[in-house]
Structures are given as C-alpha cells and as structure tokens.
Amino acid sequence: MLRDIHSYNISSVENVEDIGFKISNMDLHVDPFDDFYNYACGTWLRRRKIPKDLPRINSFYELENITYKKLKYILLSCINEPSKFKNGKLLADFYQSYIDIRTRERLKFSPIKYIIERIDALRSKDELPKLIAFLMLNAVNTFISFDPSPDEKNSSIYALHIYQSGLSLPEKSYYIEDLFKKVRSDFRKNIIKMFRLYGVSIAEAQRAADAVIKIETKIAMISRSEEELRDVLKNYNKMSINEFRRKFAYLNLDELLNGIVTKLPDYLIVGQPEFLSGLEKIIEEENIDDIKLYLKWHVLKSTASLLHKRAVKTLFLFFGKQLRGQKKMKPMWRRATNFIIDTIGDALSELYIKEYFDKSTEAKAVKLVHNIRKAFRERLSKVAWMNLSTKKKALEKFDAMHVEIGYPAKFIDYSSIKSSKKDLVGNYIKAYQFELKRVMSRIGKKVDKKEWDMEAFTINAYYDSSMNKIVLPAGIFQPPFFDPNLDDAINYGGIGGVIGHELTHGFDDQGSKYDKYGNAKEWWTTKDREKFNEKAKEVEKLYSSLEVLPGIHVNGKLTLGENIADLGGIHIAYDALHYALNGKNPIIDGFTEEQRFFIAWAQIWKEKSTTKLKKLLAKIDPHPPGRFRGLIPVVTHGDFERVFKEKSKLNAPKFRYSDVNLW
Ligand SMILES: [Zn+2]
C-alpha cells in the first residue's frame, strides 16, 4: 500500500542491527558473579549516552526510534495522498495542524480562551460540578477522574469508576517530603511563569502559584499513595446512585455527569471514598477565587503543549527538564507523532500493521507462546506448597487465559471526527470528546473482550486481569526482544521471558485475586493465601533491600507484582528453552545456550536514566529500575551458578528463588 518503502532508508539513520542482542554489549572484564548486569551490558552502558531529548535510554527507546521513523513515513505518505489511505485525511490534518507553527504563534492562547472565560464566570461553589463537567468535556481533568472500565466483581459489564485526581506533580510524596523541596520551588516558579505568559500581573501570577500549591498540597494529603492504590478490594466501593447522591451531595452527580453520559448508570464504583469526603472539606475551606486559579492552572497545564512556542517551552522547562532531567524537547515531528498516538492512535496502528507487520512473525510467535505456556503449566502442576483444590483452580484459570498477538481484532472507527489542518486545539478536543463518548456510552453494557489497551506498534505487552488475557503487540516482536534469525536462547531470554512475565501476572499479588472469569474473588483456601503472602513477603524484602540512589530504596511493596512476574517469567522461559534445546546446549560465539539465555535477559533490561527520573520512578513506577530487572532474576536463579561455573566468587544475594518457588 505504501509505495517507495525501500527508498526511505531506515537503516541509514539508525542501524537496525545495532539494537539487537550483541556479545559486544558485554564487558568481559567483569566477573559475572561480581556484577552480572555489568558483565552482560557493561560496554553498552559505558558507551551509550542518554540522548539530550530523553530522560533515559533503554532497549525500548532504542527500538522506539526505529518505530517512530516508520510512523513518520506513514504520516508523510498520508499528507501526500490522503485519499489513498484509510483515515488518511484525519491523520494528515492532525499532523499538519500540530506542525503548523505559524498558526500556533498567531493564535497564542486564544484557542483556550473560551475555557478560561467559563472559569471566570463561576459565581458560586454550587456551580462547581457543572464547571468540572464542562472542563472534562474539554479535555481538562481536575479534582476527580472517571473511568468506564470492566466492573472488577462483574467483569463482563462496564461500570463507571470515580477516582482521586487533581494533582500536577507525580505523587503525593512530592508535596510532603523534604526530598522534593527543590521540585516544589521549581514548580511554584513554573506556575508563575505560565500565568505571566498568559498575561496576568506578577502579583496575580504569584497569587495563582500560592493557590495552586495550597490546594494541591491539601489534595495530596487526602490522596492514597501508589502503593495503596494497588489493593483491588480497598479501591472498590460500589455505591448506588442514590447513596452517592446522599454521601457526596456537594458533587451533584446529575450535573457532574451532564453531557458526559446520556443516562445515569445504576451504580458507581468509588475508588477512594475518603478522598471524596476530604475534597468536600477542601472546597468548603477554600475561597472561590483560589479555586478558579487552581482550575485555570489545570487548563494551562493540559493545553500548553498545543499552543505557541513559549507556552510549550514553559511547560517543558518544568515537567520535562526539572522533573525528569530531560535536557531538550523531542523534535517537532516526534511530538506530532506522539500527539496522534495519544488521540487517534488506532488509525496509525491500522496502517502500521498493513505496512510493517510480517505475517510470518505471527506463526513463529504462536509457537513460542505455546512452549512458554507448556512450561508454565508444567511448573504450576508441580507447585508443592499449594493445596490440590487451589491448584486445580489455578490450572483452570491458566487454561482459560488467552493470548492475543500482533494487533487487535478490530480498530476504532474514527470516521465521525471532523478534522481541520488549521485547528490543533479543536482537533484535540474533538478526538477527546469522541473517545469520551465512545467509552462512556457503554457503561452497563457488555464488555468488548477483544479490545486492546495498547497500540499494535507499542513496544510493550500486558496482562489484563479483568479479561484474563495477555496482549503481545506486534511492536515487541523485534530485536532485541525477538529475532527469528538468532538462536533459541536469545528469543527465550528476550520475548520468552516477557511472555512468561505476563502470564505470571495472572498469579501475582494482584492478578491472583481475580478468578478465571476476571472477577475479583478469592478462589484460594485461607491457608494457601497465607503461604502465598509469606513467600511474597520474601520477594518484597529482597527488592526493598536494593538501593536505587544513595538513601532511596526500591519500594518492595509497590513493585511486588512486577518482581513476582520477572522471577516467574525467567524461570518459565528457561524451562521452555530446554524443550527447544532438547538436551543439547551448543556453544555459539563462545557462550553456551544456557549462558546466552541469561545474558539475553539482562541485555533487554539495559538502561541508563537521569538521576531525576530515577528519583521520580522510585516513587511511582511499579517496575524496579532496569538494572535490577536484568540482574536479580538471573543471579537468584537456581541454575545460575552451574551455568556460569564459578561458585567460589559468588557475590549475589543469599535469596534463592528455589526457596520460594512461587510459580
Ligand atoms: Zn509487568
């Protein structure tokens, strides 16, 4: 469909071969028992610099660089001949409106003026729910957020969830801990800068900054931490509409949902009821002018990236540079592509699959998945710590888990969006409203189990606990995760480990709380659950002992699910590799297949981050840093010492996965 595909020489810009598994990424001067991560990735770590327009570089970003060039090619082709491609005009308009700097400079803040004026028109706090709804319809989320997703206890039906929201900084600790004092003062300066740019006096801008920080600090105090948000049942509080109306009258549900849903649902799931009670107090205490300033800030913050250059730069200065340590902005075309991914991503996905997904990959992937599943089932049937009745249910859940590979069964139909190549903010809000309407209109209806949460070109994978399925997008079936030209060890250590990881999520501290139908329901005996918790505690302790930066440790509770999945994943993939090797263990490039497996696993987690990003992710990311993902599952594997043959120099944690042997 896309012509001249070969004349766009991707490899001249970024050598595709370079990012795959490579012995030359290793540092053979390092003893694998001293520091396996540096042994496996040391040369890459030493040579690779973090690009100025990124807060970190890792295998995912390296591969993303190639993907984005393909996406750019698709978008430029749409601009050239929009009628030739499905959604061609839509994609071209979105892209062109984004890169049309001249129009953006001319318009400055005028595209969002109507939103600010609406805030100015607020006369009393009673009108607040109506205003919150208006803002939501204009892509601005403030105090709360809505999520129409499957009901955790009745996973075949979509339910309306209402969650805590309203913060600009990544997590509540940013407002409270001394560690983030400098971030808070930079944040304050940034709010002042943005309001000044908008055209208010210094005094007014300072007042706005004080109001925003005061209100957001209060919101932070009543918010749950990332760690607390992981508890499924604690964040599930079903309420009838009348009960909600009674308990949270100040939110005036009918006005809050007016224009957002066509008909009120039968019930709501409140994530954090104490947050909604706390929010009522905050709104009572604060004066209306300060609330208006807080809301205006959120309008400026969520739209500045779509306005003129100085607004974009001001936003980046804090949220990119000061918060994440990213030195400069990504080039315009990358930002424009991101904008499209965030708004009408499926349109791009559909063309990407047509042009770049090799169908033969699918067949190879299916075979790999089959072997990984077989290995997992085998391990599960042999688990000794679990009672037979729980194990039977675990196997049933495992057998019911389905795997989707490559791309979704259908792509979203965007044909009703009327786009314009001159109206960036308009395009954004239209796409936002389209999506809001699409997802809100299905509350109370049957869940579409075929739907995906990722684009087909995304370099990632996920397990969906409500659907009991794993999704492996086309994007991840590329080097260094998958390379059909390389030996089994590389593929089992790469994508094999990733698949094992996702399958294990079905049985981690969160996933194990869902049954085979995807309903949050305890299907374990009390005793087995206790045993699981004891074992999980060991994993938590191990990871909590790891230091990200001096004085900052991995949060073993927040990262527990990912760590269980990494440990399980590598064991499952290692077993599956042995099916493929069938008793052989050939030497390739000086390393046995078993050795190459562990090296490949560590290499997919090669990563370098700015200190600022490390600090941030330690607070909010449920994944530990790449270094520990590459290192810990390997050095705690029961076969590690035998495979690398040097028991005497062992310098690894005493923890052995075989002592826990969860999955
Ligand atoms: Zn995961």
Side-chain angles (χ1 to χ4, degrees), residues 56 58-61 63-64 149 226-227 229-232 368-369 372-373 375-376 379 397-398 401-405 452-455 458-473 475-477 480-482 492-514 518 532 536 539-540 542-543 546 548 554-574 576 600-607 609 617-634 636 657 660 662-663:
R56 72 171 158 185
N58 58 23
S59 296
F60 297 86
Y61 286 100
L63 180 51
E64 201 178 273
S149 56
E226 285 294 320
E227 192 185 305
L229 293 173
R230 295 189 79 244
D231 190 317
V232 185
L368 234 149
V369 169
I372 301 282
R373 282 191 82 122
F376 197 163
R379 285 187 79 85
K397 172 166 180 176
F398 181 73
M401 201 183 274
H402 54 119
V403 180
E404 290 174 20
I405 298 167
W452 281 25
D453 279 343
M454 270 177 196
E455 297 307 340
T458 306
I459 302 148
N460 209 337
Y462 69 92
Y463 169 71
D464 186 325
S465 45
S466 287
M467 299 191 187
N468 193 25
K469 80 171 179 188
I470 75 169
V471 165
L472 303 166
I476 199 155
F477 285 95
F481 303 95
F482 177 74
Y492 282 90
I495 190 80
V498 172
I499 299 166
H501 171 105
E502 298 309 337
L503 290 171
T504 310
H505 269 319
F507 302 91
D508 70 13
D509 62 317
Q510 280 184 312
S512 65
K513 292 184 178 142
Y514 291 81
F532 176 92
V539 176
E540 183 194 317
L542 167 70
Y543 280 85
L546 307 168
V548 180
V554 172
N555 180 342
K557 276 200 176 83
L558 174 64
T559 58
L560 182 58
E562 295 302 331
N563 298 330
I564 290 176
D566 274 350
L567 292 166
I570 197 170
H571 280 77
I572 294 150
Y574 183 75
W601 168 269
Q603 283 199 5
I604 66 169
W605 299 113
K606 55 190 191 298
E607 173 182 279
S609 312
L617 294 183
K619 286 287 172 196
I620 61 163
D621 192 352
H623 307 87
R627 171 178 170 75
F628 299 131
R629 302 193 69 180
L631 177 72
I632 300 299
V634 174
T636 61
Y657 186 67
V660 173
L662 265 169
W663 305 114

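Every number for a ligand or one of its atoms is a count from 1 in the order of the listing. Residue indices begin at 1 and follow the sequence shown.
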Asker: Do the rings of His505 and Tyr463 sit parallel, tilted or perpendicular, given the 30° and 60° boundaries?
Answerer: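 His505 vs Tyr463 ring planes: parallel.
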Asker: What residue among Phe532, Phe376, Tyr514 forms ring pair (Phe, Tyr, Trp, His ring centres under 6.0 Å) with Phe507?
Answerer: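 With Phe507 as partner, ring pair (Phe, Tyr, Trp, His ring centres under 6.0 Å) holds for just one option, Phe376.
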Asker: Using 30° and 60° as the class limits, which term best fits the ring planes of Trp605 and Phe60: parallel, tilted or perpendicular?
Answerer: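 Tilted: the ring planes of Trp605 and Phe60 meet at 30° to 60°.
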Asker: Step through the shown structure and confirm whether more than 12 heavy atoms of other residues, nucleotides or ligands are within 6.0 Å of NZ on Lys606.
Answerer: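 Above 12, so yes.
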Asker: What N, O or S atom of Glu562 is found closest to the Zn ion (ligand 1)?
Answerer: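 Considering only N, O and S atoms, Glu562 comes nearest to the Zn ion (ligand 1) through OE1.
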Asker: Do any of the N, O or S atoms of His623 sit under 2.8 Å from the Zn ion (ligand 1)?
Answerer: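 No, His623 does not qualify, because none of its backbone or side-chain N, O or S atoms lies under 2.8 Å.
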Asker: Once rounded to 10 degrees, what value does the angle at the Zn ion (ligand 1) take between NE2 (His505) and NE2 (His501)?
Answerer: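 If I round to 10°, I get 90°.
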Asker: Look at Glu502 and state whether any of its N, O or S atoms is less than 2.8 Å from the Zn ion (ligand 1).
Answerer: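 False for Glu502.
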